[in-house]
There are 2 protein chains.
Amino acid sequence: MENQVSFKEVKACPERYVLAISDTLNVLTGKWKLPIIGTLFYNKKRFEEIKNNIPRITPGILSKELRELETNGIIKRVVPDSVPVAAEYELTDSGRNLKEVLDRMLQWGIQHRDWVNASI
Amino acid sequence: MENQVSFKEVKACPERYVLAISDTLNVLTGKWKLPIIGTLFYNKKRFEEIKNNIPRITPGILSKELRELETNGIIKRVVPDSVPVAAEYELTDSGRNLKEVLDRMLQWGIQHRDWVNASI
DNA sequence: AGCTGTGCTATACTTTTGTATACCTTGGTA
DNA sequence: TACCAAGGTATACAAAAGTATAGCACAGCT
């Protein structure tokens with residue numbers, strides 16, 4: 001209910017509107033964030049697993065992107081002790097909530113492609 | 001109904017899934033596309049109007065961004081003849097459909113911000 | 001003919017983003 | 001003890017995105 005209020009409030013203010021959307025855009029843009037989030041939707045994974053899942057990503061980039069996604073609260077890094085040393089990465093609640101956003105984007109993407117093709 | 005089919009199809013294929021979302025992401029990213037689309041939601045506008053609506057944008061950028069948005073089928077450039085020379089830019093149907101995507105992104109952005117603040 | 005406003009384009013530059021390559025540490029394993 | 005795999009970091013470099021500055025074409029007005 002609180003959200004409903006601030007949702008309307010923000011929509012009434014162009015600057016806050018653009019800002020809130022930019023927040024969302026920023027956690028998704030760049031070449032690698034989407035593939036990383038996408039692969040973690042299925043289940044949590046370890047560094048090497050993610051690396052092997054995403055063609056051509058180097059450890060340097062992956063390391064940097066994971067750190068960014070972590071500080072943005074999209075994923076969390078879990079190190080179960082006892083085990084040799086096996087860091088695991090998984091989506092946070094908020095990260096999982098991106099699914100609805102991505103589904104909308106997917107829908108628009110397909111629809112737009114159809115629309116463009118139809119109007120040639 | 002056709003859409004429902006391809007929607008499911010695409011969701012089943014990770015590569016096409018990422019691709020369709022990237023399509024959407026690409027029309028939104030960069031520093032200026034969102035403000036431009038945002039300002040055109042209210043109504044169609046001319047070059048100078050857009051420029052005056054968006055602080056610090058230079059004609060060079062605006063020109064480039066408008067051309068990109070046009071080739072991507074998000075806006076259309078209309079030159080009503082008879083008038084001296086007054087180009088007008090307005091959203092296409094597909095451009096207007098972005099509203100639903102942006103609303104979802106807005107919602108997530110606000111929600112995520114609340115969530116982050118709550119967990120400090 | 002000269003000045004003004006609209007609607008741009010061109011060029012060179014800076015900043016940000018992405019990439020390649022090499023290397024380090026920690027705990028097994030032979 | 002030497003070597004290997006997992007999980008990274010560091011450094012230098014290349015490519016893409018963004019910016020500043022200048023200027024041009026056309027129409028209308030005086």
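Chain identifiers are assigned alphabetically (A, B, ...) following the order of the sequence lines, protein sequences preceding nucleic acid strands; residue numbering begins at 1 within each chain.
For the pair B:Glu88 CD and C:dT6 P, the interatomic distance rounds to 14 Å; values are reported in whole Å. Between the C1' atom of D:dA17 and the NZ atom of B:Lys64 lies a distance of 6 Å, rounded to the nearest Å. Spacing between atom CG of B:Asn52 and atom P of C:dG7 amounts to 10 Å, rounded to whole angstrom units. Whole-Å rounding puts the A:Lys51 NZ to D:dA5 C1' distance at 11 Å. With rounding to whole Å, B:Phe47 atom CZ is found 10 Å from C:dT9 atom C1'. The nearest whole Å value for the distance from the CG atom in B:Asn53 to the P atom in C:dG7 is 13 Å. Computed from coordinates, the A:Ile57 CD1 to C:dA20 P distance equals 12 Å when rounded to whole Å.
Distances shorter than 4.0 Å separate some side-chain N or O of A:Trp32 from OP1 or OP2 on C:dT19. Regarding contacts with the backbone of C:dT16, every side-chain N or O of B:Lys31 stays at 4.0 angstrom or more from both OP1 and OP2. Dashed line: the shortest gap from a side-chain N or O of B:Arg46 to OP1 or OP2 of C:dC8 is not under 4.0 Å.
Judged by distance alone, the side chain of A:Thr39 and the main-chain N or O of A:Pro35 form no donor-acceptor pair under 3.5 Å.
The residue among B:Pro59 and B:Glu65 whose nearest nucleotide of DNA chain D is located toward the 5' end is B:Glu65. The nearest heavy atom of DNA chain C to A:Gly60 and to A:Lys33 marks one nucleotide each, and the one closer to the 5' end goes with A:Lys33.
In this structure, A:Arg56 reaches neither bases nor backbone, as no heavy-atom distance under 4.0 Å exists between it and the strands shown.
The existence of a salt bridge linking A:Asp103 and B:Lys11 is confirmed by a sub-4.0 Å separation between a basic side-chain nitrogen and an acidic carboxylate oxygen.
Under the 3.5 Å distance criterion, with hydrogens and angles disregarded, a donor-acceptor pair is assigned to the side chains of B:Ser63 and B:Arg67.
Atom CD of B:Gln111 is separated from atom CG of B:Leu106 by 11.0 Å, given to the nearest 0.5 angstrom.
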